[in-house]
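Okay, structure first, notes after.
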Amino acid sequence: MSSFQFQEIAAHYDDLMEVVPYDFWAEYVVTLFEFVGYQPYEVLDCACGTGNLSLELAKLGLSVTGIDLSAPMIQQAQKKSTLSDVLPEMHFFQGDLSNFNLGKTFDSATCLYDSLNYILDNQSITNAFSCIRKHLKTGGIFVFDFNSVWAFEANLFSQNSRKSSTPLQYNWKARFDEKTRICTVQMQFTRRNFDGSLTEFSEIHRERAYTIPEIEDFLRKTDWRLLHVFDAYTLNRPHSRSERWFFVVQAA
């Protein structure tokens, strides 16, 4: 059975991402806030998925609202919001980043794990930056990342699972179109169920490569002030083989 991105995988997403250090990601985001001398209280977590980063940010004392295009992913996130009554509030909503209205503003925002690469055309990504800007108070800080152009050119997204003992096995084959700069990833999954049976499904994911100057142009058009661009998970400048870039911008 085949489907488009973040539908069938939603129920298995946390198993797939169990090796991802979300706690480190949250600490890095807070480090970037501190680097620019900013103390956030309410965070809008854009493209929050199943809420893993949202949960870690809440553990650090932040009130988090998450939004994601995939309704099945949001359903998983909403389950996490009931896990503890000692954490700051977490709220999750389904919505398109290029056209959403939550009816309130926040003092900070995040958008991680190449989520913005999933927006495939200039107008839609401009709309997304504009929409997120409308949800931030003037002076608020937005931290987000992009997969670099080099990461797509180096075919880093053709991957397969290496531990045969894990319940969820996967095989991904990526194809990067240098003309459109869109990378199409055919994702095949096999899930070993508790009764020993197997469930197979697939998804097709597409991401677009953007250059730093292009991203800077989107920011200028949507009332953001660029503060810093970093090689991922460091405070170093990007280099020719940076796999991911982190941006720190301020609502002008």
Side-chain angles (χ1 to χ4, degrees), residues 17 19-68 77 80-81 83-84 86-92 97 102 104-117 125 128-148 151 210 212-213 215-216 218-220 222-239 241-252:
M17 307 301 286
V19 298
V20 174
Y22 288 103
D23 55 346
F24 170 76
W25 284 12
E27 290 169 1
Y28 178 63
V29 167
V30 170
T31 295
L32 296 183
F33 285 135
E34 293 174 346
F35 187 80
V36 296
Y38 194 71
Q39 174 62 60
Y41 297 96
E42 291 185 301
V43 182
L44 174 61
D45 187 14
C46 300
C48 65
T50 62
N52 290 320
L53 177 67
S54 302
L55 180 61
E56 295 300 330
L57 291 171
K59 288 179 182 178
L60 295 177
L62 298 170
S63 175
V64 185
T65 296
I67 183 168
D68 196 277
K80 293 189 175 84
S81 69
L83 290 178
S84 174
V86 299
L87 292 176
E89 288 185 321
M90 292 191 295
H91 303 282
F92 296 99
L97 287 187
L102 298 181
K104 65 171 294 185
T105 56
F106 303 82
D107 56 31
S108 62
T110 57
C111 190
L112 268 58
Y113 215 15
D114 48 276
S115 296
L116 290 169
N117 289 102
I125 200 164
F129 278 119
S130 178
C131 206
I132 296 168
R133 170 62 188 90
K134 292 175 183 176
H135 283 78
L136 250 65
K137 299 171 184 176
T138 299
I141 299 297
F142 179 26
V143 173
F144 59 91
D145 69 16
F146 272 87
N147 277 332
S148 71
Y210 293 94
I212 290 178
I215 297 165
E216 291 175 335
F218 299 142
L219 294 169
R220 280 191 296 270
T222 52
D223 208 20
W224 293 101
R225 184 165 68 94
L226 176 63
L227 301 180
H228 298 283
V229 185
F230 296 113
D231 180 38
Y233 315 119
T234 76
L235 296 178
N236 302 324
R237 297 180 63 180
H239 53 82
R241 292 201 171 191
S242 292
E243 297 180 15
R244 187 184 301 271
W245 308 310
F246 266 77
F247 292 76
V248 183
V249 302
Q250 185 172 41

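Sequential numbering from 1 along the given sequence is applied to the chain's residues.
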Give the C-alpha distance, both sets of side-chain angles, the deciding distance and a yes or no for side-chain contact (heavy atoms from CB on, under 4.5 Å) between V20 and N52. CA-CA 10 Å; V20 174; N52 290 320; over 6 Å; no
Min side-chain heavy-atom separation N117-D145 under 4.5 Å: no
Is there any salt bridge (Lys or Arg N to Asp or Glu O under 4.0 Å) pair reaching into residues 223-234, and which pairs are they, with sequence neighbours excluded? R133-D223
Measure the spacing between CZ of F218 and OG of S130 and express it to the nearest 0.5 Å. 13.0 Å
Do F144 and L112 make a side-chain contact, defined as non-hydrogen atoms from C-beta onward lying under 4.5 Å apart? no
Would you mind reporting whether F142 and Q250 have side-chain heavy atoms less than 4.5 Å apart? no
Working to the nearest 0.5 Å, report the span between CG of D23 and CD of E56. 5.0 Å
On a heavy-atom basis, the closest approach of A251 and L136 is CB-CB, 4.3 Å
Taking every non-hydrogen atom, the tightest pair across H135 and K104: CD2-O, 3.5 Å
Please examine the side chains of I141 and V249, heavy atoms only from C-beta on, and report whether any two atoms are closer than 4.5 Å. no
Sub-4.5 Å side-chain heavy-atom contact between L62 and P40: yes
So, using side chain to side chain donor-acceptor pair (under 3.5 Å) as the criterion, who are the partners of D107 when residues are at least two apart? none
Gap separating the CH2 atom of W224 from the CD atom of E216, nearest 0.5 angstrom: 15.5 Å
Could you measure the distance from the OG1 atom of T110 to the CD1 atom of I132? Nearest 0.5 Å is fine. 9.5 Å
When rounded to the nearest 0.5 Å, the distance separating CG of L57 from SG of C48 is 11.0 Å
Residues that S115 engages under side-chain contact (heavy atoms from CB on, under 4.5 Å), provided they are two or more places apart: A47, C111
Heavy-atom nearest pair, L97 first then I67, reads CD2-CG2, 3.9 Å
Begin from the C-alpha positions of F24 and Y22 and carry the test ring-ring contact (aromatic ring centres under 6.0 Å, His included) through to its verdict. CA-CA 5 Å; F24 170 76; Y22 288 103; over 10 Å; no
Check each of F230, W25, Y28 against F246 using the ring pair (Phe, Tyr, Trp, His ring centres under 6.0 Å) test, and report the only one that passes. Y28
Distance-only, no hydrogens or angles: does the S148 side chain make a donor-acceptor pair with backbone N or O of S242 under 3.5 Å? yes
Over 60° means perpendicular and under 30° means parallel, so classify the ring planes of H228 and F35, tilted if in between. perpendicular
Tell me the closest heavy-atom pair linking W245 and Y210, and the distance in Å. CZ3-O, 3.2 Å
Sorted by chain and residue number, the side chain to side chain donor-acceptor pair (under 3.5 Å) partners of K134 (sequence neighbours excluded) come out as none
Minimum heavy-atom distance F33-A109, with the two atoms named: CZ-O, 4.4 Å
Taking all non-hydrogen atoms of both residues into account, name the closest pair between V64 and A58 and its distance. CG2-N, 3.9 Å
Can you list the residues that meet the salt bridge (Lys or Arg N to Asp or Glu O under 4.0 Å) rule with R220, with sequence neighbours excluded? D217
For F92 and S81, run side-chain contact (heavy atoms from CB on, under 4.5 Å): C-alpha distance rounded to whole Å, both residues' side-chain angles, the deciding distance at 0.1 Å, then the answer. CA-CA 8 Å; F92 296 99; S81 69; 3.8 Å; yes
K80 side chain vs L55 backbone, donor-acceptor pair below 3.5 Å: no
Tell me every residue that passes side chain to side chain donor-acceptor pair (under 3.5 Å) with S54, counting only those two or more places apart in sequence or in another chain. D45
Output for pair (L32 CG, L235 CG), nearest 0.5 Å, gives 6.5 Å
